[in-house]
Amino acid sequence: MVTAPSYTHELQVAQLAVQRATILTKRVFHEKAKGTVDKNDKSPVTIGDFGAQALIIAALKHNFPEDAIVAEEEAAQLKEDANLRDTIWNLVKDTKLDDEEAEKTLGGAIKSVDSMLELIDLGNSPGGSKGRIWTIDPIDGTKGFLRGGQYAVCLGLMVDGEVRVGVLGCPNLPVDDSARLTADIGSNATDEGRGVLFSAVEYKGANSRPLTTGGLSPDSKHIGMRPIEDLTKATFCESVEAGHSAHDDQAVISQKLGITEPSVRMDSQAKYGSIARGAGDIYLRLPVKATYQEKIWDHAAGDLIVRESGGQVTDIHGKRLDFSIGRTLANNKGVVAAPLPVHERVLKVVQEVLKI
Ligand SMILES: Nc1ncnc2c1ncn2[C@@H]1O[C@H](COP(=O)(O)O)[C@@H](OP(=O)(O)O)[C@H]1O
Ligand SMILES: [Mg+2]
């Protein structure tokens with residue numbers, strides 16, 4: 001009998017690395033000035049994005065020096081802007097887990113500002129179908145992060161093009177798996193009762209546990225999607241940004257399925273985590289621009305966490321997301337994530353409405 005690899009060490013490092021990075025992102029979240037700059041594609045990036053990426057890559061390089069990394073950010077802008085670079089360095093050098101053993105597992109502090117820049121740029125792998133490739137979104141939902149809403153620190157390990165390990169740190173979601181799904185938390189919210197670390201290993205199921213600032217919380221719980229037969233009772237979630245997912249199409253789909261409650265709008269892969277634990281049921285991402293290619297770091301961890309929770313994740317054509325062809329999901333359009341028993345029914349209505 002062939003048993004599936006358990007990826008125990010990978011999972012532990014990934015969880016701790018995400019947990020450490022969220023200490024940094026939370027510090028930035030609670031500050032007014034988040035050091036926002038516009039990237040070439042005009043999307044925003046903050047000091048938190050760069051800092052979190054450096055910390056996660058440092059942990060991966062320490063533990064798995066041979067592995068390739070696909071990460072969202074690059075250091076070019078920081079090399080030209082000494083102020084920005086120094087602000088990030090001040091954050092990074094002071095961020096550590098308050099559990100010594102856990103911090104040791106991650107390899108401890110980054111040595112210098114120059115090694116921080118080098119680490120950030122190690123995330124430049126082209127991706128692909130062979131070998132071990134990590135994918136990082138240091139702050140997914142940057143717009144939500146800036147708005148005071150949901151965001152996620154995301155890390156996935158792909159081996160030969162398939163996601164095998166996925167971790168999502170969601171500092172602003174309730175710890176309580178059974179809490180009702182609500183939209184943005186509002187920028188005045190405190191950390192009280194919030195912060196969850198989702199994880200999954202292929203064929204081993206998915207879990208949630210409270211985010212801590214030290215070692216991993218022992219309160220790990222198995223999570224699963226809500227069994228939902230009557231689709232009129234389903235809770236849908238979608239992006240806050242109408243430019244990322246077509247709100248008008250979503251409304252028509254909901255209506256056709258007889259859903260009267262409006263969709264819950266929420267930024268980032270917190271949507272995948274929320275449906276995986278049954279706080280919501282269905283996540284649709286409906287293409288706005290036909291030419292847009294989804295990025296692998298925006299979906300890898302969430303895709304595995306939902307599938308390991310009893311869900312199915314496909315694109316709008318019904319194809320599984322294909323992480324094996326590079327930094328983008330060039331073979332896919334949009335996302336339809338739902339509990340396995342109802343996925344086909346939802347997909348059919350999506351295709352009817354989108355006329356495909
Ligand atoms: N036109 C577009 N269509 C779909 N997704 C887009 C998009 N433009 C940007 N995005 C992606 O949407 C992600 C946020 O997803 P969501 O809308 O679910 O919160 C962004 O991640 P970042 O915030 O990491 O840049 C970005 O990669
Ligand atoms: Mg993202």
Side-chain angles (χ1 to χ4, degrees), residues 18 21-22 25 28-29 34 36-53 56 70-74 77 120 123 127 135-156 166-173 181 183-185 236-250 263-276 280 282-303 305-306 313 315-316 321 323 326-330 332-337 354:
V18 166
T22 62
T25 62
V28 180
F29 183 82
K34 296 184 172 65
T36 320
V37 282
D38 279 334
K39 289 193 277 195
N40 293 340
D41 65 0
K42 292 280 171 242
S43 64
V45 57
T46 73
I47 52 175
D49 296 67
F50 291 113
Q53 180 163 318
I56 295 173
V70 172
E72 181 170 10
E73 311 303 340
E74 51 181 63
Q77 263 167 311
I120 291 173
T135 183
I136 305 171
D137 192 340
I139 295 183
D140 181 37
T142 311
K143 288 182 175 164
F145 181 76
L146 291 169
R147 238 191 267 109
Q150 294 297 335
Y151 73 96
V153 177
C154 317
L155 181 56
V167 175
L168 290 177
C170 301
N172 290 336
L173 279 184
L181 192 67
D184 278 356
I185 61 161
F236 268 67
C237 47
E238 63 179 338
S239 286
V240 175
E241 296 295 324
H244 296 178
S245 185
H247 288 170
D248 44 355
D249 290 333
Q250 165 100 31
S263 298
V264 176
R265 290 184 182 157
M266 159 183 298
D267 299 278
S268 84
Q269 289 187 61
K271 292 187 279 297
Y272 282 112
S274 295
I275 65 167
I282 294 164
Y283 164 27
L284 297 184
R285 192 171 188 87
L286 306 168
V288 177
K289 282 190 215 121
T291 52
Y292 183 77
Q293 295 186 353
E294 296 285 343
K295 308 299 184 284
I296 61 170
W297 52 79
D298 282 334
H299 301 282
D303 171 83
I305 289 167
V306 166
V313 184
D315 71 359
I316 55 168
L321 304 186
F323 293 92
R327 291 172 68 90
T328 68
L329 296 171
N332 297 110
K333 282 286 167 243
V335 176
V336 178
L354 300 185

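No hydrogens, no waters, no symmetry mates; every other heavy atom, side chains included, goes into these values. Note that ligands are numbered from 1 as they come in the structure, with each ligand's atoms numbered from 1 the same way.
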Quiz prompt | Option with minimal heavy-atom separation from atom 19 (O) of ligand 1, where the choices are S268, A270, G334 | solution = S268
Quiz item: If we only count N/O pairs under 3.5 Å, is V240 in contact with ligand 1?
Solution: no
Quiz prompt | Where ligand 1 meets K271 - atom numbers and elements under 4.0 angstrom, heavy-atom basis | solution = 16 (P), 18 (O), 19 (O)
Quiz prompt | Shortest-distance N, O or S atom of D298 relative to the Mg ion (ligand 2) | solution = OD1
Exercise. For V45 and ligand 1, answer yes if some heavy atom of the residue is under 4.0 Å from a ligand atom, otherwise no.
Key: no
Quiz item: Among E241, K271, Q250, H247, which one satisfies side chain to side chain contact (heavy atoms under 4.5 Å, CB included) with R265?
Solution: H247
Quiz item: By number and element, which atoms of ligand 1 are closer than 4.0 Å to a non-hydrogen atom of D137?
Solution: 24 (O)
Self-check item: Contact flag D137/the Mg ion (ligand 2), N/O/S atoms, threshold under 2.8 Å
Solution: yes
Quiz item: For the side chain of K333 and the backbone of E294, is there at least one donor-acceptor N/O pair under 3.5 Å apart?
Solution: no
Quiz prompt | Polar side-chain atom of R327 near backbone of A71 as donor-acceptor pair, under 3.5 Å | solution = yes
Quiz item: Of all the heavy atoms in M266, does at least one lie under 4.0 Å from an atom in ligand 1?
Solution: no
Quiz item: If you look at D140, which of its N/O/S atoms is nearest to the Mg ion (ligand 2)?
Solution: OD1
Quiz item: Which is closest to atom 12 (O) of ligand 1 in terms of heavy atoms, R285, E241, E238?
Solution: R285
Quiz prompt | From I136, T135, D137, residue fulfilling side chain to side chain contact (heavy atoms under 4.5 Å, CB included) relative to L155 | solution = I136
Self-check item: Residue portion contacting ligand 1 (non-hydrogen atoms closer than 4.0 Å) for Q269
Solution: neither
Quiz item: Is there a donor-acceptor contact under 3.5 Å from the side chain of T328 to the main chain of K295?
Solution: no
Practice problem: May I ask you to list the atoms of ligand 1 that are less than 4.0 angstrom from any heavy atom of S239? | Solution: 16 (P), 17 (O), 18 (O)
Quiz item: Between the main-chain N or O of G144 and the side-chain N or O of Q150, is there a donor-acceptor pair closer than 3.5 Å?
Solution: no
Exercise. Pick whichever of A242, G243, S245, G149 has a heavy atom sitting closest to atom 2 (C) of ligand 1.
Key: G243
Quiz item: Counting from 1, what ligand 1 atoms have a heavy atom of G141 closer than 4.0 Å?
Solution: 22 (P), 23 (O), 24 (O)
Exercise. Ignoring angles and geometry beyond distance, decide whether K143 reaches within less than 3.5 Å of ligand 1 through its nitrogen or oxygen atoms.
Key: no
Exercise. Verify whether one side chain among Y292 and H244 offers a donor that lies under 3.5 Å from an acceptor in the other.
Key: no
Quiz item: Is there a donor-acceptor contact under 3.5 Å from the side chain of D140 to the main chain of Q269?
Solution: yes
Quiz item: Does the N or O separation between Y292 and ligand 1 drop below 3.5 Å for any pair?
Solution: yes
Quiz item: Considering only heavy atoms, does D298 approach ligand 1 within less than 4.0 Å through its side chain, its backbone, both, or neither?
Solution: side chain
Quiz item: Distance-only, no hydrogens or angles: does the Q293 side chain make a donor-acceptor pair with backbone N or O of A330 under 3.5 Å?
Solution: no
Self-check item: Any donor-acceptor N/O pair, D303 side chain to A300 backbone, under 3.5 Å
Solution: no
Quiz item: What atoms of ligand 1 come closer than 4.0 angstrom to any heavy atom of E72?
Solution: 24 (O), 25 (O)
Self-check item: Closest non-hydrogen atom pair between W297 and C154, with its separation
Solution: O-CB, 4.2 Å
